[in-house]
Amino acid sequence: MHSGRTCRGGRFTLSDIKLTVDGEAVVVPAGSTVLDATRKLGRSVPTLCHDDRVDPMGSCRMCLVEIEGQRRLQPGCAFKASDGMVVSTSSDRVQQHRQLLLSMYMSDHAIDADGLPTERGVGNRLRSHVLEHGHGPTLPAIEAPRGYRDEPNPYIHFDAEACVLCNLCVRYCDEVEAVSAITLAGRGAGTTIATADQQGLLDSSCELCGGCIAVCPTGAMTEKPSRANDYREAEKVRTTCNFCGVGCQLDLHVQDDRVVRVTSPDPGTTVNDGNLCIKGRFSYEFIHHDERIMQPLVRGRDGNLWPATWDHALDVAAKGLLGVKARHGADALGFVSSSRCTGEENYLMQKLSRAAFGTNNCHQCAAT
Amino acid sequence: MTNSIPEIRDAELLFVIGSNTTEAHPIIAMEMKRAVKNGAKLIVADPRAIWLSNIADLHLQLQPGTDVALLNAMAHVIITEGLVDQAFVQQHTVGFDTIVDATRETTPEWAEGITGVPADDIRTAARLYATTKHAGIYYTLGITEHTHGTDNVYSLANLVLMTGHLGVRSAGMNPLRGQNNVQGANDAGASPVFYPGYQRVDDPAAQARFEGAWGVDLSPDPGMNLNVMMKAMATGDIKGMYVMGEDIVLSEPNASKVEQGLNSIEFLVVQDIFHNETTRFADVVLPAACFAEKDGVFTNSDRRVQRVRKAVEPPGEARADWEILCDLARRVGYPMPEYADPGEVYSEMAGLCDKFAGISHDRINAEGGLQWPCPAPEHPGTQYLHGDGPLKGKAEFQATAYRPSEELPDEDYPLLLSTGRTLYHYNAATQTRRSSGAMARQPRNFIEMHRRDAKIRGLEDGELVRVRSRRGEVLAAVNVSPRMKRGCVWMPLHFPDSNTNRLTNDAGDPTTQTAEYKVCAVVIEKLRAAAK
């Protein structure tokens, strides 16, 4: 399920590459990057702008490593591994670089009372990198005149103060969703993420898939509906999306018996490879909608539907269906099962139709 | 799907026909976009200039309902230019001669006259498809929702067989399932002709197996399928209905006739999560739990059985469908077992079906989704089908001949209407109409049309018009769209206040009875003019 960078579908094999990372030997397939090799060994090399689903860009400089024979530190995400390469991921030089780089990012980022990059309820990798690797001297804060305005789309919030301009959201929008709705705009310290011609997202080619939120490493892109919810407090329940037939895996974030956010499992782990569409990611408002049917209803003599107990409603349903069978035979009954319901429920519906009532008139919207 | 979704990115050629993948299956479309980025060729056959056609090497913009002509012309090219995989045909198929005969006259020039696709494009498409090894076909309801839907599928299968694009990674025949659990519902036997696991109800051995397991006598008579049931309500052959999880008034074709049927039956039970157009007719409404409120499995397009897990409690007194069904069965005197949870229901089904015998909730919990066939607990599941030759031994070619759709435009109804789903909404849309983003993007029904078709009728973009067919009429906003061919219009099916299925034709395919949602004739009336 991993990136298409290696040979297609394993139909032809290229020779493997042997290299050394932090003194340990590792073998990776041809075409692998240094980052791939470090990950295979379980080394923790920090990244911000990297995602296996898009082409490496090497812009955030977070993953720089030392490679013997290379004068400069090199970005592990973009530098190809080669035979006999000797890589260090934690030399003094690499550590020094990381701490200084994190200082620079922090000078251009909202900082909380603890002196750490601000957490926005969805995780902030800049913060975890600082916690893991420390930071260098505190640099003067940059007063970023970044163009930013809240806009009326219902789902995607952009907080320019949290953005490190890694460009990952833009690349995802270009390369994976491929609608190219957002772009880097402006220059220097004023650079920001925007749409073409500064239109609102709803007037752009955006399809509201929310991929920008999912890939954002610092929480600059967040979900408007769940901004108040801290991800650390939610319980995650792995399930399958209830819309189309792709079968995307979802993690429902549950707080106080409510679904407050939906995310995809990590890329490379399930059939959707970390991706979701507008329906899978955002169309969960219906779950807790106050128009849900909350109690059984039975039509009264006045022609209206009236609330009833389960006992009464099931009794009326059973007698009504048995009455039709008694008067007209089992084949005068029709059972419409549902391709929206579970496999078990479809099994039980056809069993009800066949075993309990004696008819094969059972179908579902397969052809609809 | 004979292949799996993760194989798409490694394909060398994608032939997408009758599938607006970016809107109906967005995440599969992402895989297709990636395949194209990796260098795969893309051929799109669709009457509309859908999103994928923008990145396609070739867009065959055929007239709706002319797929058989297009596909048989492709077969003609493959056969006459010697591009047939003779070894595969000889080893794995029967009846190739019938195809040679059936496609002798179906030249690309002949097909151009019917489909409107340039003959040279048909040739190019046929050559590309036949000569690329890892070439997969992807289709959905644009192929099946026709009165010749079965012929469309046969015609595609003929192409697959004559080129040997089967049983190979990233090459095969891939219907993309429209709904979360269409595959699973069929697998579980919610079908008038099949018990669970595709065992025929008129096969005495299967009947005996299920009679033994369920402890009752069973009927050997195949039942009515959904489209037939809808019509049978109006004719009096169906007198009582139990409808779970479908808004049949909004989803089934020729909605006025469905309503007429619902008015004339004696008893209707509806089990759902929201009130909809069908609950208006119900004698009893049973409140059900939604997917986030219950346990079970959904089976996706690539036959992957995956878990659905309860995350929150159902609202009010709503209950999971499986619990309601068990209770009702006991009320009518059938001793449904006291299942502790849906895992036990699945085990009962798996015990009766060889295809799923190795699948269980416990295994999915431990290993993730499992793709059937999976006949034993130690079997890893099946990524792509027919790897060792066609499953049934020899695959049979099925000759097809082009037949026009049931109802074509004429003087009174001059426009050809196709219907479908949009990215933002989902079918009867009880869920997505309660979604702020979907409503921000698509708050009301619309009719896509070519700018010339709008201009000659004096219609402005956004103007509300009356759309009328022989069966009914609705109001919709004009959406002038560069995607449309002249003479063709397109509408989504998501809006109860403007039910597109009042227009659609309920004529069914002779084999499957699947209705012709993709072709009917309509006329557009300007509202101001109509008011005079």
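First the proteins, then the strands, lettered A, B, ... as listed; each starts at 1. Fair warning: this is a prediction, and the values are worked out from it, not measured in the lab.
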Taking all atoms of both residues into account, what is the closest heavy-atom pair of B/Leu286 and A/Leu314, and its distance? CD1-CD2, 4.4 Å
Per-residue contact mode, A/His288 against chain B (heavy atom under 4.5 angstrom): side chain
At a heavy-atom distance under 4.5 Å, which candidate from B/Ile273, B/Ile28, B/Val228 has the highest pair count against chain A? B/Ile273
Given the rule in the salt bridge (charged side-chain N to carboxylate O under 4.0 Å, His left out) test, do A/Glu345 and B/Lys294 qualify, once you have shown the distances and angles that lead to the verdict? CA-CA 11 Å; A/Glu345 286 159 350; B/Lys294 61 188 178 184; 2.8 Å; yes
Geometric cation-pi criterion, A/Arg354 with B/Trp214: 6.0 Å, 45°: no
Any side-chain heavy atom of B/Leu328 sitting closer than 4.5 Å to one from A/Leu321? yes
Contact origin within B/Ala24 toward chain A - heavy atom pairs under 4.5 Å: backbone
Which distance, rounded to the nearest 0.5 Å, do you find between the CD of B/Glu31 and the CG of A/Asn275? 7.5 Å
In terms of heavy-atom proximity below 4.5 Å to chain A, should B/Glu266 be classed as side chain, backbone, both, or neither? side chain
Tell me if a side-chain donor or acceptor on A/Lys279 pairs with a main-chain N or O of B/His425 at a distance below 3.5 Å. yes
With a 4.5 angstrom heavy-atom cut-off, which part of A/Leu333 approaches chain B: side chain, backbone, both or neither? both
Chain A contact via B/Ala288 - which portion, at a heavy-atom distance below 4.5 Å: backbone
Do B/Phe267 and A/Leu322 have side chains that approach each other closer than 4.5 Å (heavy atoms only, starting at C-beta)? no
Pair A/Ser283-B/Tyr426, side-chain contact (heavy atoms from CB on, under 4.5 Å): steps then yes or no: CA-CA 10 Å; A/Ser283 286; B/Tyr426 187 83; over 6 Å; no
Chain B contacts, top residue of A/Thr239, A/Leu352, A/Asn242, A/Leu276 (heavy-atom pairs, under 4.5 Å): A/Asn242
Considering only heavy atoms, which portion of A/Cys362 lies under 4.5 Å from any heavy atom of chain B: side chain, backbone, both, or neither? both
Sort B/Ser219 into side chain, backbone, both or neither according to what part of it lies under 4.5 angstrom from a heavy atom of chain A. both
Would you indicate whether A/Asp257, at its atom CG, is surrounded by more than 12 heavy atoms from other residues, nucleotides or ligands within a distance under 6.0 Å? yes
How close do A/Arg238 and B/Arg309 get, counting heavy atoms only, and between which atoms? O-NH1, 3.0 Å
May I ask you to decide if the ring planes of B/Tyr242 and A/Phe335 are parallel, tilted or perpendicular, using 30° and 60° as cut-offs? tilted
Checking B/Arg441 against chain A: side chain, backbone, both or neither under 4.5 Å from a heavy atom? side chain
When heavy-atom pairs shorter than 4.5 Å are enumerated against chain B, which of A/Gln295, A/Glu235, A/Glu285 gives the highest number? A/Glu285
Find out whether B/Val284 and A/Leu297 are in side-chain contact, i.e. whether some heavy atom of one side chain is under 4.5 Å from a heavy atom of the other. no
Looking at side-chain heavy atoms only, is the closest gap between B/Met244 and A/Met349 below 4.5 Å? yes
Most heavy-atom pairs under 4.5 angstrom with chain B, which of A/Val324, A/Leu208, A/Asp315? A/Val324
Side chain from CB out, backbone as N, CA, C, O: work out which of these in B/Met229 comes under 4.5 Å of a heavy atom of chain A, or both, or neither. side chain
Can you check salt bridge (charged side-chain N to carboxylate O under 4.0 Å, His left out) on A/Glu175 and B/Lys33, steps first, answer last? CA-CA 8 Å; A/Glu175 298 177 35; B/Lys33 292 168 185 173; over 6 Å; no
Closest approach of A/Leu348 and B/Cys326, non-hydrogen atoms and distance? CD1-SG, 3.9 Å
Assess whether side-chain contact (heavy atoms from CB on, under 4.5 Å) is satisfied between A/Leu305 and B/Val285, documenting all intermediate values. CA-CA 8 Å; A/Leu305 286 168; B/Val285 177; 3.8 Å; yes
Of the listed A/Lys236, A/Lys319, A/Met294, A/His253, the one with the largest count of heavy-atom pairs under 4.5 Å with chain B is A/Met294
Region of B/Met233 that comes under 4.5 Å of a non-hydrogen atom in chain A: neither
Assess the residue pair B/Glu348 and A/Tyr347 against the criterion (side chain to side chain donor-acceptor pair (under 3.5 Å)); give the C-alpha distance rounded to whole Å, side-chain angles, the decisive distance to 0.1 Å, and a yes or no. CA-CA 9 Å; B/Glu348 177 179 314; A/Tyr347 175 81; 2.5 Å; yes
Would you check if the side chain of A/Thr240 reaches a backbone N or O of B/Arg307 as a donor-acceptor pair within less than 3.5 Å? yes
For a quick test of reading the model, state the closest non-hydrogen atom pair linking B/Asn300 to A/Gly247 and the distance between them. CB-CA, 3.6 Å
Do you know which of A/Val316, A/Val237, A/Asn153, A/Asn361 has the most heavy-atom pairs with chain B at a distance under 4.5 angstrom? A/Asn361
Are the side chains of B/Ile5 and A/Val246 in touch, meaning some heavy atoms are under 4.5 Å apart? yes
Tell me, for B/Ser436 versus chain A, whether the close heavy atoms (under 4.5 Å) come from the side chain, the backbone, both or neither. both
With a 4.5 angstrom heavy-atom cut-off, which part of B/Arg280 approaches chain A: side chain, backbone, both or neither? backbone
Where does B/Val332 contact chain A at under 4.5 Å (heavy atoms): side chain, backbone, both or neither? both
Highest number of heavy-atom pairs under 4.5 Å with chain A: which of B/Ala29, B/Gly245, B/Gly184, B/Gly236? B/Gly245
Side-chain contact, heavy-atom cut-off 4.5 Å: A/Arg340 with B/Gln431? yes
Answer yes or no: is there a donor N or O on one side and an acceptor on the other, between the side chain of B/Gln179 and the main chain of A/Cys244, under 3.5 Å? no
State, with a plain yes or no, whether a side-chain heavy atom of B/Leu226 is found less than 4.5 Å away from one of A/Val336. yes
Ranking A/Tyr284, A/Phe282, A/Phe357, A/Tyr155 by heavy-atom pairs under 4.5 Å to chain B gives rank one to A/Tyr155
Can you tell me how far the OG1 atom of B/Thr430 sits from the CZ atom of A/Phe286, to the nearest 0.5 Å? 8.0 Å
Salt-bridge criterion met for A/Arg292 and B/Glu293 (N-O under 4.0 Å): yes
Per-residue contact mode, A/Val254 against chain B (heavy atom under 4.5 angstrom): side chain
What is the minimum heavy-atom distance between B/Phe274 and A/Ile293, and which atoms define it? C-CD1, 3.4 Å
Okay, B/Pro222 and chain A: the region with an atom under 4.5 Å from a heavy atom over there is backbone
Given side chains that start at C-beta, do those of A/Gln364 and B/Asn186 come closer than 4.5 Å, heavy atoms only? yes
Side chain, backbone, both or neither: which part of B/Asn225 has an atom under 4.5 Å from a heavy atom of chain A? both
With a 4.5 angstrom heavy-atom cut-off, is it the side chain or the backbone of B/Val201 that approaches chain A, or both, or neither? side chain
Segment of A/Asp311 engaging chain B (4.5 angstrom heavy-atom cut-off): both
What part of B/Phe210 is in contact with chain A, defined as an atom under 4.5 angstrom from a non-hydrogen atom: side chain, backbone, both or neither? neither
Region of A/Ile287 in contact with chain B, defined by heavy-atom distances below 4.5 Å: both
Write down the atom of B/Ile238, the atom of A/Asp331, and the distance for their closest heavy-atom approach. CD1-O, 4.0 Å
